[in-house]
Number of protein chains: 2
Amino acid sequence: MRERPSRATPHTVDAVLATATGNELAILLVRNSSERERWSVPWRTPQAGETLAAAAATVAKDALGEPPAWMEQIGAFGDGKRHPSEAEVSVAYLGLVPHDTASPRTGYAWFQVTELPPLAPRQRAMVEGATKAIEGSLDQAPIAFRLLPATFTLSELQHMYELLLGKRLHKASFRRALQAAWLVEPMDEWRSEGRGRPAQLFQYLPKKKRRPHRGVRFDFLYP
Amino acid sequence: MRERPSRATPHTVDAVLATATGNELAILLVRNSSERERWSVPWRTPQAGETLAAAAATVAKDALGEPPAWMEQIGAFGDGKRHPSEAEVSVAYLGLVPHDTASPRTGYAWFQVTELPPLAPRQRAMVEGATKAIEGSLDQAPIAFRLLPATFTLSELQHMYELLLGKRLHKASFRRALQAAWLVEPMDEWRSEGRGRPAQLFQYLPKKKRRPHRGVRFDFLYP
DNA sequence: GCGAATTAGTCACTTTCTGTGACTAAAGTC
DNA sequence: GACTTTAGTCACAGAAAGTGACTAATTCGC
């Protein structure tokens with residue numbers, strides 16, 4: 001990503017790195033020296049033989065010093081939209097990092113998703129795709145846990161879900177569903193956070209077997 | 001970005017075209033004359049300025065004479081796996097067609113997903129991605145309706161869901177969920193299919209507004 | 001020290017949804 | 001006309017989700 005090829009590059013790999021700050025999602029951008037836009041989603045032209053996922057991991061590592069806790073491809077973008085590179089196609093990856101461990105290298109900075117600076121159109125499409133992917137796979141993948149530190153309170157977990165879903169959840173329902181899913185393990189530690197009763201700490205406990213949905217879901221609105 | 005590099009194709013667009021035959025999914029493949037594998041997923045190198053989706057639509061049209069009823073991108077594939085082209089990256093699209101309107105051009109043929117001939121590794125990965133995408137977005141998008149003719153009986157619809165989900169559904173539950181979703185509109189026509197009471201015909205009626213899920217779902221098993 | 005305020009955590013009740021078997025309806029077969 | 005076959009509906013039991021009220025453990029103000 002550093003070197004700018006003199007002629008058209010075949011494709012780029014772009015990493016939309018997200019974290020959750022306070023009460024909003026934030027995206028990591030890198031400062032441009034010479035581009036039309038002052039900021040861009042970090043990207044890279046893969047070396048010969050480098051896999052897409054490996055290239056994305058490298059981009060993330062260059063930005064944060066360590067690989068993200070979660071990474072998945074969210075698709076290929078092109079369609080005539082402009083990109084900082086000359087490439088016709090860019091493959092976008094979504095990476096998630098807990099906010100506490102996420103210290104960007106110099107030149108990189110977090111931006112709230114609602115206050116993003118201007119981006120190249122193709123990269124703006126990627127960010128939109130990434131936020132959709134987060135919401136869409138929230139109940140398919142342990143997204144929320146990848147945005148939290150290794151240990152957390154149930155209130156923190158619930159707030160993370162509320163942030164990602166964009167709606168309030170009822171405490172009792174949330175905990176009942178969580179218990180039924182066997183996703184979380186209580187630890188023998190409590191944390192006192194100013195006033196109020198101390199909260200027990202929990203850690204993520206991956207599921208072993210999937211229990212299929214009951215019923216059929218018809219939850220779409222496509223034309 | 002408009003200009004096209006003069007050497008090795010930068011990327012390809014591949015179309016995994018699927019239909020439902022009898023009781024299994026089938027994929028459309030094209031016969032190769034000179035490749036290592038005798039069959040391959042139809043693909044194309046996009047022209048300069050051609051969008052990815054447009055290229056995929058062209059591939060599908062070349063294969064079937066008309067665009068599929070549904071088309072969506074399922075991701076970029078590369079990762080060193082071999083492809084009929086020289087391209088390092090291939091963008092795969094999933095296309096769905098009703099079986100009755102799907103007459104392949106010469107050189108193309110349907111294969112049951114369980115009886116696929118050998119494919120280039122990258123294309124095999126695409127087909128696997130496509131079948132996963134079908135099951136995964138079955139309750140997010142009107143997949144089943146795009147595999148059925150414009151009008152259908154509720155039994156046909158239920159059988160399609162059973163095929164795609166790989167499990168049997170209870171008639172009363174299925175219809176109750178369908179009614180609650182307002183996805184289907186009765187027509188003033190009935191069809192008699194040999195013995196038994198004639199079935200009323202229905203057509204797909206896209207939803208206007210989404211009703212959000214109740215509760216929170218923790219349905220994943222990722223590590 | 002003590003009550004108010006604050007956050008954690010649980011309980012019980014109500015409402016809604018799903019699984020299921022049995023039922024009625026309308027055709028063909030013999 | 002009795003039997004078979006497929007369509008379509010009903011009603012009830014059981015499971016899951018929505019919700020408000022409760023108890024528990026801490027800090028703050030006084």
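Below, chains carry the letters A, B, ... as their sequence lines are ordered, and counting in each starts from 1.
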From C-beta outward on B:Arg175, which listed nucleotide comes closest to its side chain: C:dA26, C:dT20, D:dA7? D:dA7
Please determine whether a side-chain nitrogen or oxygen atom of B:Ser155 lies at a distance below 4.0 Å from atom OP1 or OP2 of D:dA7. yes
May I have the distance from A:Gln158 (atom CD) to C:dT10 (atom P), rounded to whole angstrom? 13 Å
With A:Phe174 via ring pair (Phe, Tyr, Trp, His ring centres under 6.0 Å) - residues at least two apart: A:Tyr161, B:Phe218
Quick one: on DNA chain D, does B:Phe202 or B:Val216 contact a more 5' nucleotide (nearest heavy atom)? B:Phe202
At 4.0 Å (heavy atoms only), tell me whether B:Gln200 reaches a base, stays on the sugar-phosphate, or touches nothing. sugar-phosphate
Between P on C:dA8 and NZ on A:Lys171, what's the gap in Å once rounded to a whole number? 7 Å
B:Tyr161 OH to C:dT18 C1': how many Å, rounded? 17 Å
In terms of side-chain heavy atoms of B:Arg195, which of C:dG28, D:dT26, D:dT19 is nearest? C:dG28
List the residues meeting ring pair (Phe, Tyr, Trp, His ring centres under 6.0 Å) with A:Phe77, not counting sequence neighbours, and say none if there are none. none
Once hydrogens and angles are ignored, does a donor-acceptor distance under 3.5 Å link the base of D:dG18 to the side chain of A:Arg176? yes
Distance check needed: D:dA7 C1' versus B:Leu169 CG, whole Å only. 17 Å
Using the ring of each side chain (for Trp, its six-membered ring), is B:Phe145 parallel, tilted or perpendicular to B:Phe152, with breaks at 30° and 60°? tilted
Sugar-phosphate, base or nothing in reach of B:Ala172, heavy atoms under 4.0 Å: base
Counting any heavy atom closer than 4.0 Å, what does A:Thr153 reach on the DNA or RNA strands: base, sugar-phosphate only, or nothing? nothing
Check for a donor-acceptor pair, side chain of A:Glu24 on one end and backbone N or O of A:Gln112 on the other, with a separation under 3.5 Å. no
Given the structure, check if the side chain of B:Arg197 and the base of C:dG28 hold any donor-acceptor pair shorter than 3.5 Å. no
I'd like to know whether A:Arg124 forms a salt bridge (Lys or Arg N to Asp or Glu O under 4.0 Å) with A:Glu37, so could you lay out the CA-CA distance, the side-chain angles of the two residues, the decisive distance to 0.1 Å, and finally the verdict. CA-CA 12 Å; A:Arg124 169 151 295 275; A:Glu37 283 84 13; over 6 Å; no
Between B:Leu157 (CG) and D:dT6 (C1'), how many Å, whole number? 17 Å
Side chain of A:Leu154 only, please: which of D:dT5, C:dG9, C:dA27 is the nearest? C:dG9
Between C:dT20 (C1') and B:Phe174 (CZ): distance, integer Å: 17 Å
Please state how far atom NE2 in B:His170 lies from atom P in D:dG8, giving the value in whole angstrom units. 15 Å
Which sits closer to the 5' end of DNA chain D, A:Ala177 or B:Trp190, going by the nucleotide each is nearest to? B:Trp190
Within this structure, what is the CD-to-P distance between A:Glu189 and C:dA8, rounded to whole angstrom? 17 Å
